Amino acid sequence: MKKLNRGLLRFITTFILLILLSQPVVSETRPTYRLGYSSSQNPELLIGRMKPIMNIISEALNADIEFVSKKTFSEMQKAYINQEIDFGIINAYSYLRILPYDSVILIAARRIENSREYRTYFFARKDSGINNIEGLKGKVIALGDPYSTSSYLIPHYIFKKQGIYSDSDFEKTIIISKQDSLILSVLNRTADAGVSASFIFNDQPEAVKSALTVFKTSEPFPLGPFIANKNLEPSVIETLKETLLSLNKSIEGRSALESSGIEVFEEVEADTYKKLLEIKDSLNLN
């Protein structure tokens, strides 16, 4: 009887082990989401500033967040269209360029320098003698990435309104994608004048700003939004949106916002970019 019991016990034990071994292994690997930041600033600087916000998003989504950097705005646009980026901040002109592909949705607006808008600054060295748009004729002008809102789209809009043609009225136009470098090109006399986003110019060291003069400021236009790939799970999109909009309600969130140079994320409406879309269509650049 004892031998029978031992044999039965071994059979039962073996049977249970076979059942357990046949069960699928549940992976504990967390998902990874790719965050992009479309900006004319240095990528290493951006990732350092955005790291605290990325950490908060990571915790909220229970996922790893990978920072995606692209050399140009054109490459960033393609990455969103091809769903190589899950969510992130994109400049306004690039957002308008990818709208027809119906690949992303608006998540939130940014507020910087107490505003959801910013401006284009036209600037030159203080000793240049340039004090208006007319004074740019015959000069070397530094413009930004061809898909930059502040350093390409808006300048061409203003040039057109004033009857200035960059391909014939300037001695030369040079393209410098990173606006920090663009500003220094004017300071170092590579260019006679340049254009940049107001908040990037304002962020420069005092020694740089004091040697330059802003001789024209554009009308305000909206900052680029935080967007998400529309094919993400609705729960992920909702959690992402709630996380961004509530950042300013906690000490940790406010600290992360301060690190990023963003004051707050707010609700955003599609009509925000209507005027800029009209400007884009009127110029038909690129």
Side-chain angles (χ1 to χ4, degrees), residues 38-42 45-46 49 73 89-96 110-166 169-224 261-263 273 275-276 279-280 283 285:
S38 182
S39 174
S40 296
Q41 293 174 288
N42 185 293
L45 174 67
L46 289 175
R49 287 182 168 182
F73 287 161
I89 294 169
I90 190 168
N91 67 305
Y93 189 14
S94 289
Y95 169 66
L96 297 178
R110 294 176 289 160
R111 184 176 289 274
I112 294 175
E113 296 183 340
N114 200 34
S115 177
R116 288 170 56 167
E117 298 178 312
Y118 68 124
R119 301 168 186 263
T120 289
Y121 281 176
F122 292 75
F123 57 89
R125 294 181 305 279
K126 286 187 174 179
D127 61 0
S128 68
I130 299 172
N131 52 35
N132 54 41
I133 296 295
E134 282 290 321
L136 297 177
K137 289 184 177 181
K139 304 295 185 180
V140 177
I141 311 303
L143 298 177
D145 186 295
Y147 293 103
S148 166
T149 315
S150 60
S151 61
Y152 202 86
L153 179 67
I154 296 300
H156 277 86
Y157 175 63
I158 290 175
F159 293 154
K160 181 180 179 180
K161 287 202 304 181
Q162 297 202 205
I164 301 290
Y165 300 94
S166 59
D169 286 330
F170 302 151
E171 177 186 339
K172 184 169 66 173
T173 298
I174 57 177
I175 301 297
I176 303 176
S177 294
K178 301 304 178 188
Q179 290 189 30
D180 293 329
S181 299
L182 190 158
I183 293 168
L184 291 177
S185 77
V186 177
L187 183 69
N188 297 330
R189 301 178 185 274
T190 302
D192 297 307
V195 291
S196 78
S198 53
F199 64 88
I200 295 179
F201 186 93
N202 293 337
D203 199 39
Q204 299 303 303
E206 284 301 323
V208 173
K209 291 187 290 185
S210 64
L212 302 172
T213 180
V214 175
F215 60 84
K216 183 172 180 62
T217 301
S218 75
E219 293 296 315
F221 50 90
L223 288 159
I262 299 168
E263 292 169 5
Y273 300 93
K275 175 62 177 177
L276 208 54
I279 291 173
K280 167 189 167 295
L283 293 174
L285 295 173

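The model shown is predicted, which means the values in this text are computed figures rather than measured ones.
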Quiz item: Hey, is the main chain of A207 close enough, under 3.5 Å, to the side chain of S210 for a donor-acceptor pair?
Solution: yes

Exercise. Report yes if the distance between the aromatic ring centroids of Y147 and Y152 is under 6.0 Å, otherwise no.
Key: no

Self-check item: Verdict with reasoning, D145 to Q179, per side-chain hydrogen bond (donor to acceptor under 3.5 Å, both in side chains)
Solution: CA-CA 9 Å; D145 186 295; Q179 290 189 30; over 6 Å; no

Quiz item: Side chain of T213, backbone of F215: donor and acceptor closer than 3.5 Å?
Solution: no

Quiz item: Distance from K178 atom NZ to L184 atom CG, nearest 0.5 Å?
Solution: 14.0 Å

Quiz prompt | Check: I90 main-chain N/O paired with S38 side-chain donor or acceptor under 3.5 Å | solution = no

Quiz item: Between the side chain of D192 and the main-chain N/O of V140, is any donor-acceptor distance below 3.5 Å?
Solution: yes

Quiz item: CD1 of I133 to CD1 of I164: how many Å apart, nearest 0.5 Å?
Solution: 7.5 Å

Quiz prompt | Close aromatic pair by centroid cut-off 6.0 Å: F159 and Y165 | solution = no

Exercise. Verify, without hydrogens or angle tests, whether R125 (side chain) and A211 (backbone) share a donor-acceptor contact under 3.5 angstrom.
Key: no

Quiz item: Looking at OG of S196 and CG of D203, how far apart are the two atoms once the value is rounded to the nearest 0.5 Å?
Solution: 10.5 Å

Exercise. List the atom of R119, the atom of P220, and the distance in Å for their closest heavy-atom pair.
Key: NH1-CD, 3.3 Å

